[in-house]
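A quick note: this is a predicted structure, and the numbers were derived from the prediction, not measured.
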Amino acid sequence: MPALVLLGAQWGDEGKGKATDLLGGSVDYVVRYQGGNNAGHTVVVGDQKYALHLLPSGILSPTCVPVIGNGVVVDPSVLLSELSGLNERGVDTSKLLISGNAHIITPYNVTVDKVTERFLGKRKIGTTGRGIGPTYADKINRVGIRVQDLYDESILTQKVEAALDVKNQMLTKLYNRRAIAVEQVVEELLGYAEKLAPYVADTVLVLNQALEDDKVVLFEGGQGTLLDIDHGTYPFVTSSNPTAGGACTGSGVGPTKISRVIGILKAYTTRVGAGPFPTELFDADGEALRRIGGERGVTTGRDRRCGWFDAVIARYATRVNGLTDFFLTKLDVLTGWEQIPVCVAYEIDGKRVEELPYSQTDFHHAKPVYETLPGWSEDITKAKSFADLPKNAQNYVKALEEMSGAPISAIGVGPGRDETIEINSFL
């Protein structure tokens with residue numbers, strides 16, 4: 001049975017939660033493999049709306065085992081709060097598994113994130129201030145705290161001491177902040193140990209055994225391709241690898257076991273935070289996309305920047321992820337436009353460029369080259385098949401598919417779980 005990767009093909013917020021939830025009833029495990037509570041998914045089930053930040057979307061499927069892999073950074077207070085909120089709404093969270101090798105977001109990671117971003121001023125990256133970047137930095141610098149460390153007080157204390165040796169110097173001497181007490185941090189972290197214990201597991205072993213037993217495993221990326229630390233619009237990126245390769249390192253499942261890579265594309269483009277965005281709109285169309293699409297960050301609460309569909313970044317996402325399929329979301333948001341521009345290339349220094357520029361400088365100066373497609377006015381939210389869509393909506397989907405380089409196998413025509421047209425099965 002297959003292992004599938006499902007990830008964002010733009011700058012995040014493409015509707016991955018809806019896509020994961022749609023597949024949740026058909027898969028046995030759903031795995032978050034990177035990021036932390038800086039990613040958010042909105043899932044609508046019937047008349048119920050769920051905002052998930054750290055938990056895999058599969059948590060809402062009663063037959064599915066949700067897994068937080070080793071590549072994720074975990075804020076224990078956020079995780080426990082999210083679990084409690086779901087339990088209060090009648091969602092069974094008892095199947096959740098958390099890798100003992102996942103790194104913990106400590107209170108000092110959050111402090112460092114906030115003071116550093118403020119210090120940067122106009123040069124700030126636009127982080128969520130939740131300690132994600134500093135936690136990944138600690139991981140790479142080998143002073144990170146892992147989930148398994150919560151169960152050995154001696155090791156935990158030594159690691160916190162080592163991390164704060166440097167951080168307290170920085171906080172007091174550079175940022176004029178008070179030093180953070182080792183004992184206070186250790187006490188807070190130990191307070192989470194008992195509550196998290198039922199969920200902690202060797203998830204690498206669990207997932208590989210599941211695949212050997214012909215179970216279906218779905219890997220769910222947070223953020224999006226253009227926010228990847230290596231392949232995104234650096235430095236305006238996240239601190240991990242949302243691209244397909246990250247699914248392997250963030251879960252411990254080898255690449256030969258992955259059979260399909262599904263990219264989630266919004267029918268237009270959005271991004272949150274700073275950084276280049278060639279098709280961004282500052283006019284009434286941009287405001288209309290924001291309003292109709294409900295474009296406000298699930299985790300940050302910030303308004304998303306909105307623009308027309310960018311086929312250049314879609315082609316790039318196809319290439320760097322090895323995408324086999326696309327899931328196109330929010331097609332219904334475009335209903336009502338007489339003409340819909342689509343970015344098919346960039347103009348850089350007077351030259352037409354059809355692929356994502358290698359140079360950061362060039363991308364910052366890229367101007368979109370548009371082709372305009374006829375729009376539609378008919379309500380498409382009740383469409384159950386591709387043939388039910390208006391002819392112009394069909395042509396729009398076909399054009400995006402041709403420009404993006406991979407088949408569109410499903411289309412979201414509304415926010416609900418059942419408001420999806422499935423063209424080709426993902427399984």
Side-chain angles (χ1 to χ4, degrees), residues 2-20 22-23 26-27 30-35 39 41 57 71 216-233 237-238 240-251 253-271 309-331 342-345 354-356 386 396-412 420-427:
L4 304 92
V5 179
L6 189 148
L7 51 84
Q10 294 159 314
W11 275 286
D13 306 309
E14 300 94 347
K16 295 180 291 295
K18 175 184 173 70
T20 305
L22 180 71
L23 292 166
S26 305
V27 302
V30 175
V31 186
R32 272 289 304 274
Y33 59 84
Q34 50 74 224
H41 300 313
S57 299
V216 181
V217 179
L218 177 65
F219 298 93
E220 175 187 51
Q223 290 93 27
T225 297
L226 274 295
L227 292 177
D228 188 278
I229 186 69
D230 288 295
H231 304 293
T233 49
V237 293
T238 193
S240 57
N241 293 107
T243 45
C248 298
T249 55
S251 68
V253 171
T256 57
K257 296 184 178 180
I258 293 172
S259 58
R260 210 153 181 181
V261 184
I262 305 161
I264 313 303
L265 272 179
K266 198 174 285 185
Y268 48 101
T269 311
T270 63
R271 83 171 292 175
F309 185 86
D310 189 332
V312 180
I313 66 172
R315 286 194 293 273
Y316 177 75
T318 301
R319 182 177 300 113
V320 299
N321 292 297
L323 295 179
T324 59
D325 303 83
F326 279 116
F327 188 135
L328 184 70
T329 64
K330 290 197 169 184
L331 183 64
V342 174
C343 174
V344 297
E354 297 192 356
E355 301 297 343
L356 197 76
F386 189 72
Y396 184 80
V397 172
K398 290 176 182 176
L400 265 52
E401 180 178 73
E402 184 176 351
M403 294 174 188
S404 301
I408 293 174
S409 294
I411 305 168
T420 302
I421 296 171
E422 190 171 350
I423 301 172
N424 297 306
S425 174
F426 291 124
L427 295 173

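Glu14 places none of its side-chain heavy atoms less than 4.5 Å from the side chain of Lys330. Under the 4.5 Å side-chain criterion, counting only non-hydrogen atoms from C-beta, Ser26 is not in contact with Val216. Residues Ile421 and Leu331 form no side-chain contact, since every pair of their non-hydrogen atoms from C-beta on lies 4.5 Å or further apart. The shortest distance between side-chain heavy atoms of Ile229 and Ser240 does not fall below 4.5 Å. For the pair Val261 and Leu4, the minimum side-chain heavy-atom distance is 4.5 Å or more. In this structure, the side chains of Val31 and Val217 come closer than 4.5 Å at one or more pairs of heavy atoms.
Taking CG of Leu227 as the start and CZ of Arg271 as the end, the distance is 6.0 Å to the nearest 0.5 Å. Atom CG of Leu265 sits about 5.5 Å away from atom OG of Ser404, to the nearest 0.5 Å. Of the inter-residue distances, the one linking Tyr268 atom OH with Gln10 atom CD reads 10.0 Å to the nearest 0.5 angstrom. Summarising the geometry, atom NE2 belonging to His231 is positioned 9.5 Å from atom OG1 belonging to Thr225; distances are rounded to the nearest 0.5 Å. The distance from atom CE of Met403 to atom CZ of Phe309, rounded to the nearest 0.5 Å, is 8.0 Å. Rounding to the nearest 0.5 angstrom, the gap separating the CD1 atom in Ile408 from the CG atom in Leu328 is 5.0 Å.
Screening Thr318, Leu400, Ile264 for a side chain to side chain contact (heavy atoms under 4.5 Å, CB included) with Phe326, the sole residue that qualifies is Thr318.
Of all the heavy atoms in Asn241 and Asp230, the pair that sits closest is ND2-OD2, 3.0 Å. The minimum heavy-atom distance linking Glu220 with Ser57 is given by the pair OE2-OG, 2.7 Å. The shortest non-hydrogen separation linking Cys343 to Ala345 is SG-O, 3.3 Å. Residues Leu7 and Pro242 come closest through the heavy atom pair CB-O, 3.8 Å. Closest of all the heavy-atom pairs between Phe219 and Ala3 is CE1-CB, 3.8 Å. Between Gly222 and Arg32 the shortest heavy-atom distance is N-NE, 4.4 Å.
Residues satisfying the salt bridge (charged side-chain N to carboxylate O under 4.0 Å, His left out) test with Glu402, not counting sequence neighbours, are none. Among residues two or more places apart in sequence or in another chain, the ring pair (Phe, Tyr, Trp, His ring centres under 6.0 Å) test is passed with Tyr396 by Trp376.
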> So Glu354 and Arg315, side-chain contact (heavy atoms from CB on, under 4.5 Å) or not? Walk me through it.
Replying inline: CA-CA 9 Å; Glu354 297 192 356; Arg315 286 194 293 273; 4.1 Å; yes
> Between Leu218 and Leu6, does a side-chain contact (heavy atoms from CB on, under 4.5 Å) hold up when you go through it step by step?
Replying inline: CA-CA 7 Å; Leu218 177 65; Leu6 189 148; 3.9 Å; yes
>> Between Phe386 and Val397, does the side-chain contact (heavy atoms from CB on, under 4.5 Å) criterion hold? Intermediate values first, please.
In response: CA-CA 10 Å; Phe386 189 72; Val397 172; 3.9 Å; yes
>> The test is side-chain hydrogen bond (donor to acceptor under 3.5 Å, both in side chains); show your working for Glu422 and Ser409 and say whether it passes.
In response: CA-CA 6 Å; Glu422 190 171 350; Ser409 294; over 6 Å; no
>> For a side-chain hydrogen bond (donor to acceptor under 3.5 Å, both in side chains) check, start with the C-alpha distance between Asp310 and Thr269, then their side-chain angles and the critical distance, and finish with the verdict.
In response: CA-CA 7 Å; Asp310 189 332; Thr269 311; 5.9 Å; no
> Yes or no on side-chain contact (heavy atoms from CB on, under 4.5 Å) for Ile411 and Thr420, after CA distance, side-chain angles and deciding distance?
Replying inline: CA-CA 6 Å; Ile411 305 168; Thr420 302; over 6 Å; no
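Under 3.5 Å, the side chains of Thr270 and Asp13 contain no donor-acceptor pair of N or O atoms.
Between Asp325 and Arg260 a salt bridge is recorded (basic side-chain N to carboxylate O distance below 4.0 Å). Salt-bridge check for Arg319 with Glu355: passed, with a basic side-chain N closer than 4.0 Å to an acidic carboxylate O.
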